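Computed from a predicted structure; not experimentally measured. Reminder, nothing fancy here: chain letters follow the sequence lines and each chain counts from 1.
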Amino acid sequence: MKEVNQNTIESVDINGFQDDLLRWFEAEQRDLPWRKDQDPYKVWVSEIMLQQTRVDTVIPYFHRFIEQFPTVKDLSEADEEKVLKAWEGLGYYSRARNLQAAVREVHEKYGGRVPDTPKEISSLKGVGPYTAGAILSIAYGIPEPAVDGNVMRVLSRILSIWDDIAKPSSRKIFESSVRKLISHENPSHFNQALMELGALICTPTSPSCLLCPVREHCTAFYEGTQHELPVKTKTKKQRNVQLAAAVLIDDHERILIHKRPEKGLLANLWEFPMAEINIAYVSDKEQMKDVFSTQFGAEVEIQEMTGQIEHVFSHLTWNINVYKGKVIILEEEKNDLKLVSLEEIKEFPFPVSHQKIWKQYLDSRG
DNA sequence: CAAACGTGGCC
DNA sequence: TGGCCAAGTTT
């Protein structure tokens with residue numbers, strides 16, 4: 001029998017909990033590239049990259065990004081295209097554009113110094129409540145909560161909090177808990193320790209309670225409910241979209257590419273000309289010729305379908321019929337429509353779905 | 001608030 | 001294989 005919304009924070013030995021957690025973190029923390037110093041800019045970049053993204057995925061991107069854009073000034077002055085290229089494959093590309101917009105604001109409005117107040121830092125694009133707390137605590141040692149999925153999972157177990165962590169309203173319950181528990185001597189290590197514990201010990205499906213440094217403070221371990229927490233409602237299933245894309249080459253071996261709109265899915269990334277199609281019309285080369293001609297103002301010839309690609313996003317699935325063909329006449333190149341050489345194409349940021357298309361095209365040429 | 005917003009790894 | 005998950009934010 002589960003208690004509902006049983007918050008047992010009053011019974012926690014706060015000092016003992018902090019000591020055990022911090023001692024564990026300081027002995028066991030992973031050696032991660034963004035932990036080499038406390039440069040607020042680097043902490044910021046790492047926190048944005050880590051949003052909804054695994055540590056192992058982020059590490060190589062972080063190294064390359066900091067090498068290419070070492071300071072606020074460097075990122076401020078960079079072309080957006082270069083920033084998106086550095087982000088290529090990481091996903092959630094608005095993170096990159098928001099980061100650069102925010103860094104430009106810091107450069108111009110704060111002389112390049114990342115602000116250290118909740119109000120100022122929270123006003124920056126892409127900096128929500130988690131990231132604000134993470135930067136303030138890790139870079140500046142300010143005792144603000146940094147509540148992410150790890151922290152909600154860990155604290156839901158420690159404190160037996162049965163609120164649904166999928167609901168936005170639940171976050172403030174956990175923030176309130178962190179405000180009571182956080183170490184004022186070392187807010188940086190406290191917040192990082194909670195996340196590190198969630199990543200290494202207090203994992204979603206099979207928590208290693210017998211290795212846990214704070215199990216004696218954990219009400220879920222005491223009651224044996226660690227596998228029932230946290231409560232998280234399931235997501236609904238995504239929809240399917242049928243598309244046709246074409247790799248179109250002119251008589252100078254140049255490839256036609258299109259820049260996606262500045263808002264929405266994969267904003268400002270480049271792609272091979274692509275159109276949504278009615279499932280009933282698939283595989284008709286003449287239909288595809290009309291689709292590409294009207295949509296992109298070019299006279300094209302569709303030669304053959306080279307294959308099909310399925311690409312799964314978090315909220316939808318693309319089913320793409322991939323064609324190859326020729327550009328006969330292009331009305332004009334525009335900012336969002338270019339003919340590029342085999343060498344030039346490497347400089348443009350493409351989403352993974354269209355990297356797959358390119359690979360398939362190269363394979364089809366042998 | 002619910003939905004949009006990417007990708008890759010895991011079981 | 002398909003659903004779930006990973007250091008969330010914006011609209």
We want to know whether [X] and [Y] form a side-chain donor-acceptor pair, criterion being a heavy-atom distance below 3.5 angstrom.
{"X": "A:Arg95", "Y": "A:Thr53", "result": "yes"}
{"X": "A:Ser188", "Y": "A:Gln192", "result": "yes"}
{"X": "A:Glu310", "Y": "A:Thr317", "result": "no"}
{"X": "A:Asp20", "Y": "A:His217", "result": "yes"}

May I ask you to say what [X] touches in the nucleic acid, namely base, sugar-phosphate or nothing, with a heavy-atom cut-off under 4.0 Å?
{"X": "A:Val127", "result": "sugar-phosphate"}
{"X": "A:Gly89", "result": "sugar-phosphate"}
{"X": "A:Thr131", "result": "sugar-phosphate"}
{"X": "A:Ile138", "result": "nothing"}
{"X": "A:Trp318", "result": "nothing"}
{"X": "A:Arg35", "result": "base"}
{"X": "A:Val58", "result": "nothing"}
{"X": "A:Ser169", "result": "sugar-phosphate"}

In whole angstroms, how far is the [atom2] atom of [N] from the [atom1] atom of [X]?
{"X": "A:Asn268", "N": "B:dG6", "atom1": "CG", "atom2": "C1'", "result": "16 Å"}
{"X": "A:Leu265", "N": "C:dT9", "atom1": "CG", "atom2": "P", "result": "20 Å"}
{"X": "A:Gln52", "N": "C:dC4", "atom1": "CD", "atom2": "P", "result": "15 Å"}
{"X": "A:Ile59", "N": "B:dT7", "atom1": "CD1", "atom2": "P", "result": "20 Å"}
{"X": "A:Glu47", "N": "C:dT9", "atom1": "CD", "atom2": "P", "result": "10 Å"}
{"X": "A:Leu316", "N": "B:dA4", "atom1": "CG", "atom2": "P", "result": "8 Å"}
{"X": "A:Tyr92", "N": "C:dC5", "atom1": "OH", "atom2": "C1'", "result": "11 Å"}
{"X": "A:Asp56", "N": "B:dG9", "atom1": "CG", "atom2": "P", "result": "10 Å"}

Closest nucleotide among [options] to the [X] side chain:
{"X": "A:His315", "options": "B:dG6, B:dC5, C:dG8", "value": "B:dC5"}
{"X": "A:Arg239", "options": "C:dC5, B:dC1, B:dA4", "value": "B:dA4"}
{"X": "A:Asn98", "options": "C:dC5, C:dT10, C:dG8", "value": "C:dT10"}
{"X": "A:Pro168", "options": "B:dA2, C:dC5, B:dC5", "value": "B:dA2"}
{"X": "A:Leu266", "options": "C:dG8, B:dG6, C:dC5", "value": "B:dG6"}
{"X": "A:Val352", "options": "C:dA6, B:dG6, B:dG8", "value": "B:dG8"}
{"X": "A:Ser314", "options": "C:dA6, B:dC5, C:dT9", "value": "B:dC5"}
{"X": "A:Tyr93", "options": "C:dC5, C:dT9, B:dG6", "value": "B:dG6"}

Respond yes when some side-chain nitrogen or oxygen of A:Arg153 is under 4.0 Å from OP1 or OP2 of C:dA6, and no when none is.
yes

Reckon A:Ser353 has a side-chain N or O less than 4.0 Å from the OP1 or OP2 of B:dG6?
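No, outside the criterion.
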
Donor-acceptor pair (no angle test) under 3.5 Å: [X] side chain, [N] base:
{"X": "A:Arg95", "N": "B:dC5", "value": "no"}
{"X": "A:Thr57", "N": "B:dG8", "value": "no"}
{"X": "A:Thr53", "N": "B:dG8", "value": "no"}

Any chance NZ of A:Lys338 has more than 12 other-residue heavy atoms, nucleotides or ligands included, within less than 6.0 Å?
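Enclosed: over 12 neighbouring heavy atoms sit under 6.0 Å from NZ of A:Lys338.
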
Should the pair A:His311 and A:Phe313 be assigned to parallel (<30°), tilted (30 to 60°) or perpendicular (>60°) ring geometry?
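Because their plane-to-plane angle is over 60°, the rings of A:His311 and A:Phe313 count as perpendicular.
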
When the nearest nucleotide of DNA chain C is assigned to A:Val147 and to A:Lys263 on a heavy-atom basis, which residue is associated with the more 5' position?
A:Val147

Given the P atoms of C:dT9 and B:dG8, what is the spacing between them in whole Å?
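Pairwise P distance, C:dT9 against B:dG8, rounds to 22 Å.
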
C:dA6 and B:dC5: how far apart are their P atoms, nearest whole angstrom?
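About 23 Å, rounded to a whole number of Å.
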
Is the centre of the A:His258 ring less than 6.0 Å from the centre of the A:Phe296 ring?
yes

